[in-house]
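Data block below; observations after.
Each ligand, and each atom within it, is numbered from 1 in the order the structure gives. Side chains are part of it too, since the values below use all heavy atoms of this structure and drop only hydrogens, waters and symmetry mates.
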Amino acid sequence: MNKGKITKVSGPLIEASGLSDANIYDVVEVSKDKLIGEIIEMRGDVASIQVYEETTGIGPGDEVVTTGHPLSVELGPGMLEKMYDGIQRPLEKLQDLAGEFLKRGVTSTALDREKTWEFNPTASVSDKVEAGDILGEVEETSVITHKIMVPIGVSGTIKDIKAGEFTVDETIAIIETEDGDKEVSMLQKWPVRQARPSTRKIDPDEPLITGQRVIDTFFPVAKGGTAAIPGPFGSGKTVVQHQIAKFADADIVIYVGCGERGNEMTDVLNEFPELIDPKTGESIMKRTVLIANTSNMPVAAREASIYTGVTLAEYFRDMGYHVALMGDSTSRWAEALREISGRLEEMPAEEGYPAYLPSRIAGFYERAGYVNTLSGTEGSVTLIGAVSPAGGDFSEPVTENTKRFVNVFLALDKELAYSRHYPAINWMNSYSGYIPLLKNYYDMRLDGDLPDLRIKYLDLLHKEAKLNEIVMLVGEDVLPDEERLVLEICRVVKVGFLQQNAFNPIDTFVPLEKQFEMLKTIDNLYERGKEALKLKIPISVIKNNKLYGKVINMKYDIENENLKKFVSLNNEINDFYVELASTYGDVE
Ligand code: ADP
Ligand code: MG
């Protein structure tokens, strides 16, 4: 039977019997309101179903009908600039978020069925095509060309292909296959819990440039890579995610607001459309899809939202785009998993999370990658998840398990945030595993060895941390001048380089070239200072406030498009120490 009756309702979870023909992961319609649910467990003819909508008013005896299909998204022109809930229902207005939900059971489609798009074929009649090959293009927004691909599972010879204005479900091509003619439209469906295929994964060897110095220079993320941003409440996770969404050199951004407070998503909605993409001069929404499941929305839809997001990301990847997905926060997603597992009365593992928490986290991050697409181009999905451990305790299960499966760990720190060191990414316990893969990219594009300088300054910062322990005990005066110089230079690194104001128009985004020039300038200041120390010049003179102040302020004083100012700044540093040396030489 594909029809059953509810036997039990427990919040977002219901149980129904009489569903002998249903399968696990089938989507079902619940009650005459046709609420959307998904079977997450089958025992005989009894199904446990998570319902993506409020279940109030639903009770035993109500009917449940399986659709026979897994939870899927619609893929095609019209997703960009949109905002969806966790199961891809369009949220048209702010009030949808603020509490006035979509009417329950309303099945407004993810893609508009009325709107027409101009389809320009790039393939021709009698071409042999396979799954993923490109049939034609639609100018979806002023900055993104949507490639219409042969659906997965279809291959054959093009018998007919059209040009002109079509709605997403009208036929644009007929493909003659072994099983007869297949009519193809611009609309495809894909089950969210299954990764979309590609030809193969390749090593990511290009950085995702975020314009954030501490990330790009010290803990870079690769295109097609994985990163976690753990941190306690208020430490700046959302600001970092927003900065990446706004400025990273990804073609497409999928922003999944997962279980965070409603007003955070309203901020995104108000702010993002106003933001101008520095690359295109257009609103960043033209390359963005927002997926919102705030804490006041049903918990099961939150569980689904990251899969919906990553499926959309893979689809754009398959067109040959570089896609960045932000998940804020994956902890809220894991909590949804925990709540549903609890209601299923599964045996809890650590802190009440189900035993399959690690495999679910791994399964999500495994969908990142830099790939050869089926159509023979390259594309990538980069996954960047915020993690919000209670009290900032990184030993809790979600943070620990996320750490196992990501290659970049950007640890946000309460102390740094309190002292207004933003972004509060702690350089002592953050890391990136991508440096060896990115080395060639740096060598080709930068004047100098960035990985080398990076290690030099990470080491110096670690040394500073040790010195600070001594300073706490006995004060700075007992340290030899070499070590006091280390403290002074590290202060320049922290204030002048690592701190970056997201709200300052010049500092909010900094290209990699400028980041490297800044670090090289600090290095020049350090090396000149060391030479001066050898001439027995006292640290109090070497550390010239005016000169150090200038270096600290270079982030504001040297605009992104004016990098030649670094030459005069470095000349000024050199001149200062040459003169100092001659003065001291004269005295001796
Ligand atoms: P979380 O998401 O971790 O709870 P938020 O991202 O909302 O924290 O950040 C909290 C506050 O910290 C922001 O509202 C902002 O005032 C400040 N902040 C965080 N990062 C920065 C930054 N890079 N530049 C300036 N201010 C920042
Ligand atoms: Mg936040």
Side-chain angles (χ1 to χ4, degrees), residues 97 209-219 221 227-248 253 255-272 275 290-297 302 305-306 309 325-336 384-394 396 398-399 402 409-427 429-430 493-510 514-515 518 552-553 555-556:
L97 257 188
I209 303 293
T210 65
Q212 314 303 303
R213 287 184 292 268
V214 59
I215 300 177
D216 296 346
T217 297
F218 283 102
F219 309 108
V221 182
I229 309 178
F233 177 77
S235 58
K237 299 178 294 294
T238 300
V239 172
V240 173
Q241 295 262 39
H242 283 199
Q243 289 297 95
I244 300 175
K246 291 176 201 169
F247 296 117
V253 168
Y255 195 95
V256 186
C258 184
E260 292 293 304
R261 288 156 289 142
N263 60 344
E264 277 196 358
M265 273 320 277
T266 16
D267 284 352
V268 172
L269 267 189
N270 286 327
E271 200 188 331
F272 276 31
L275 286 165
L290 299 176
I291 295 172
N293 260 266
T294 53
S295 42
N296 51 350
M297 291 185 181
R302 195 200 302 170
S305 63
I306 70 162
L325 180 145
M326 257 50 71
D328 189 12
S329 130
T330 59
S331 295
R332 301 284 102 81
W333 163 74
E335 284 159 16
I384 303 174
V387 188
S388 24
D393 170 16
F394 288 178
E396 59 84 45
V398 183
T399 316
T402 301
F409 195 71
L410 302 169
L412 291 177
D413 190 284
K414 202 168 24 193
E415 318 278 296
L416 287 174
Y418 278 155
S419 61
R420 306 199 62 75
H421 175 113
Y422 290 121
I425 294 172
N426 187 332
W427 52 91
N429 56 350
S430 297
V493 175
K494 289 189 290 186
V495 182
F497 191 89
L498 296 176
Q499 288 184 12
Q500 184 168 356
N501 188 343
F503 307 114
N504 176 287
I506 295 182
D507 208 30
T508 188
F509 169 87
V510 177
K514 177 173 167 186
Q515 299 183 21
M518 287 175 70
I552 286 174
N553 271 326
K555 57 179 165 183
Y556 302 126

N/O to N/O below 3.5 Å, does that happen between Gly236 and ligand 1?
-> yes

Taking the side chain as C-beta and beyond, is there a heavy-atom pair between Phe247 and Thr210 under 4.5 Å?
-> no

Closest approach of Gly211 to Gln500 (non-hydrogen atoms, all atoms of both residues) = O-NE2, 2.9 Å

By ring-ring contact (aromatic ring centres under 6.0 Å, His included), Phe409 pairs with (sequence neighbours left out) Phe394, Tyr431

Looking just at side-chain N and O atoms, do Asp328 and Gln241 make a donor-acceptor pair shorter than 3.5 Å?
-> no

Determine, for Lys514 against Asp507, whether the closest basic-nitrogen to carboxylate-oxygen distance falls under 4.0 angstrom.
-> no

Has ligand 1 got any nitrogen or oxygen that is less than 3.5 angstrom from a nitrogen or oxygen of Thr238?
-> yes

Could you tell me which residues satisfy side chain to side chain contact (heavy atoms under 4.5 Å, CB included) with Asp393, sequence neighbours excluded, listed by chain and number?
-> Ser395

Kindly assign one of parallel, tilted or perpendicular to the pair His242 and Tyr255, based on the angle between their ring planes and the thresholds 30° and 60°.
-> perpendicular

Could you tell me if any non-hydrogen atom of Gly231 lies under 4.0 Å from any atom of ligand 1?
-> no

Just which atoms of ligand 1 are under 4.0 Å from any heavy atom in Gln500?
-> 23 (N), 24 (N)

Going by the 4.0 angstrom heavy-atom rule, the piece of Gln243 near ligand 1 is neither

Heavy-atom distances under 4.0 Å are what count here, so tell me which part of Pro232 touches ligand 1: side chain, backbone, both or neither.
-> backbone

Mark up the atoms of ligand 1 that fall under 4.0 Å of a heavy atom belonging to Val239, in ascending order.
-> 6 (O), 9 (O), 13 (C), 19 (C), 20 (N), 21 (C), 22 (C), 23 (N)

Short N/O distance, under 3.5 Å, between Phe503 and ligand 1?
-> no

Would one find an N, O or S atom of Ser329, in either backbone or side chain, under 2.8 Å from the Mg ion (ligand 2)?
-> no

